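This report refers to the structure that appears directly beneath it.
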Amino acid sequence: MSRILFAVALLVSFSASAQETIKIGLITALSGQSARAGEAITRGLAVAIDELNAKGGALGRKFELVRRDDEATPAKGVIAARELLFKEKVAVLFGGLDTPVSLAIVPIVNEAKVPFMGPWAAGTPITKNGSKDNYVFRVSAVDEIVDRAMLQYSQRTFNAKNCGMILVNNPWGESNEKGLTAALNAKGMKAAGIEKFEGNDVDVVPQLTRLKNAGADCLFLVGNVGPSAQVVKSLDRMGWKPPIVSHWGPAGGRFTELAGPSAPSVHFVQTYSFFGKLSPVGDKVLKALMAKYPDIKGPGDVTPAVGVANAYDAMMLTALAIQAAGKLDGPAVRDGYYKIGKYEGLIKTYNKPFTPQVHDAVNENDYVWTQFIDNQILPVGMKK
C-alpha cells in the first residue's frame with residue numbers, strides 16, 4: 001500500500017511540475033492619470049501570452065502574467081519589484097511606465113540577476129545604467145534618440161529655429177534636457193530657454209512667459225498626461241500658440257479631457273499606430289484585441305497603441321530569449337536575448353535586436369508622429 005501511495009505521490013509531483021507556469025511580472029501604473037497606459041501594456045502582454053500559450057508556451061510550460069500597481073511612485077515600484085522577484089519568482093520582470101520608477105528598479109534587478117524588460121519608460125539611463133552586469137532591456141522609445149527626432153521634426157515641419165524646453169522636474173525631464181541639449185549642440189544651436197515644472201503644477205504661465213519673451217518659436221514638451229495638459233491650458237490662457245513638439249507623455253491617459261480643445265496642437269512621438277494599412281502581424285494583433293476586449297471595436301479604441309505594441313513585441317522577444325536559454329536561470333535568459341535572430345514583429349522586423357553593447361531594440365527609424373483628433377491618436381495629417 002505504501003508503495004502505491006509513494007507512486008501516486010510521485011505522479012502528482014511530476015504532474016504539478018509539468019504544469020508549473022513561467023511567471024512574467026509586470027509593474028506599472030494601473031491607477032491614476034496614467035492607468036490607461038498601464039492597461040495598454042497589460043493588453044499587449046496578455047494578447048502575446050495568449051498567442052504563445054496556444055502554441056505551447058516555452059520550454060514546455062505556459063506563461064502566466066502577474067501584475068502589481070506602482071501608482072507611478074518609485075517607492076511602491078521598489079516594493080512591487082521585490083515581491084515579484086523574491087516571492088513570486090518571476091522569470092522576467094516587465095515595467096516602469098515612469099522613468100523614475102524604472103530607475104529605482106534597475107539596481108535591484110541587476111543585483112538579483114533577473115532580466116528587466118521596459119515596454120514604456122524612455123529615460124536613457126535605464127538601459128545605459130553603467131552596470132558591468134546589465135540585465136535591463138527595452139522595446140520602447142529612448143530619450144536621446146527621441147530628442148534628436150524631436151529637433152528634426154520641429155525643423156522639418158515648423159521650420160523652427162529657436163525652440164524652448166518645458167520639462168517635468170524629475171529624472172525623465174533631466175534625461176531629455178541632456179538629450180535635447182546634445183541634439184541642439186550637434187547642429188550648432190542652443191535652446192531659447194529651459195524651464196521646469198512640477199508634476200502637480202496647475203499653472204505654468206510664468207515659465208511659458210519667460211520662453212515667449214526669449215523668442216521661442218516652438219516648444220519641446222516633456223511630461224506625463226496631467227502636467228502636459230496643464231502646459232496646453234496655460235498656453236490657452238496666455239493666447240500664445242507656438243508649435244508643440246512633445247515626447248509621448250500625452251499618450252498615456254486622459255489627455256484630451258484634461259487639455260481641452262487645444263489638445264490636437266500637440267504633436268508627439270509614438271512607435272506604432274493601428275491606423276492605415278497593417279502588416280499581417282498588425283492585422284492579427286488587432287483581431288486578437290477585438291476578440292478579447294469588448295471595448296475595442298477598431299483601431300481608434302487601441303489607445304495608447306504604443307503600450308500595446310511595445311509590450312506585445314517585448315513579450316514575443318522575451319519568449320524567444322527564454323527558448324534560446326533552454327532554462328529559466330537569469331543569466332541564461334539574459335544571454336538568450338543576445339541569441340535572438342530575425343523576428344517579424346508588430347513595430348518592425350527585428351534582426352539581432354540585442355547585443356551585449358545594445359539593449360534597446362527600437363531606434364530613430366521606428367517612430368511615428370501623431371496627434372489627438374477627436375480623442376483618438378492618429379498619425380499627423382491622417383483624417384479619421
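Everything numeric in this text was worked out from a predicted model, so none of it was measured.
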Does [X] pair with [Y] as a salt bridge, N-O distance under 4.0 Å?
X	Y	result
Arg43	Asp295	yes
Arg334	Asp133	yes
Asp360	Arg138	yes
Glu64	Lys23	no
Arg148	Glu144	no
Lys339	Asp335	no
Glu51	Lys284	yes
Asp236	Lys241	yes

Would you say the side chains of [X] and [Y] form a donor-acceptor pair under 3.5 Å?
X	Y	value
Asp143	Thr124	no
Asp98	Asn224	yes
Arg67	Thr42	yes
Lys161	Gln155	no
Glu344	Tyr350	no
Asn310	Thr271	yes

Sub-3.5 Å donor-acceptor pair from the side chain of [X] to the main-chain atoms of [Y], do we have one?
X	Y	value
Ser175	Pro171	no
Asp313	Ile347	yes
Asp301	Lys297	yes
Thr370	Pro379	no
Thr303	Ala305	no
Ser34	Ala29	no
Asp201	Asp203	no
Asn169	Gly199	no
Gln371	Pro264	yes
Ser154	Leu151	yes

Worksheet item: Pick one: which of Trp172, Tyr367, Tyr153, Phe268 meets ring pair (Phe, Tyr, Trp, His ring centres under 6.0 Å) with His247?
Response: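 Filter result, single survivor: Trp172.
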Worksheet item: Which one of Tyr337, Phe116, Tyr338, Tyr135 satisfies the ring pair (Phe, Tyr, Trp, His ring centres under 6.0 Å) criterion with His359?
Response: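 Single ring pair (Phe, Tyr, Trp, His ring centres under 6.0 Å) partner of His359 among Tyr337, Phe116, Tyr338, Tyr135: Tyr338.
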[atom1]/[X] to [atom2]/[Y] distance, rounded to the nearest 0.5 angstrom?
X	Y	atom1	atom2	answer
Leu59	Ile322	CG	CD1	7.0 Å
Ile22	Leu52	CD1	CG	9.5 Å
Arg210	Ile166	CZ	CD1	8.5 Å
Lys287	Leu278	NZ	CG	10.0 Å
Glu88	Ile24	CD	CD1	12.5 Å

Given side chains that start at C-beta, do those of [X] and [Y] come closer than 4.5 Å, heavy atoms only?
X	Y	result
Val306	Val269	no
Lys196	Gln207	no
Val139	Phe354	yes
Arg68	Glu83	yes
Val142	Val146	no
Ile126	Val106	yes
Leu103	Pro125	yes

Item to complete: Using the rule that two of Ile, Leu, Val, Met, Phe, Trp, Tyr join whenever any of their side-chain heavy atoms come within less than 4.5 Å, decide whether Ile105 and Leu45 are in one cluster.
Response: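 Unlinked, Ile105 and Leu45 end up in two clusters.
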Practice prompt. Check step by step if side-chain contact (heavy atoms from CB on, under 4.5 Å) holds for Phe255 and Val232.
Written response: CA-CA 10 Å; Phe255 182 68; Val232 173; 3.9 Å; yes
Fill in: Chi angles and distances behind the side-chain contact (heavy atoms from CB on, under 4.5 Å) call for Ile340, Lys352
CA-CA 6 Å; Ile340 299 171; Lys352 297 188 180 300; over 6 Å; no
Report, as yes or no, whether the 6.0 Å neighbourhood of atom [atom1] on [X] holds more than 12 heavy atoms from other residues, nucleotides or ligands.
X	atom1	answer
Lys178	NZ	no
Lys87	NZ	no
Lys187	NZ	yes
Glu198	CD	yes

Item to complete: Give the intermediate values and the outcome of side-chain contact (heavy atoms from CB on, under 4.5 Å) for residues Cys163 and Asp217.
Response: CA-CA 6 Å; Cys163 288; Asp217 60 0; 4.3 Å; yes
Worksheet entry | Pair Phe372-Leu378, side-chain contact (heavy atoms from CB on, under 4.5 Å): steps then yes or no | CA-CA 6 Å; Phe372 275 102; Leu378 297 178; over 6 Å; no
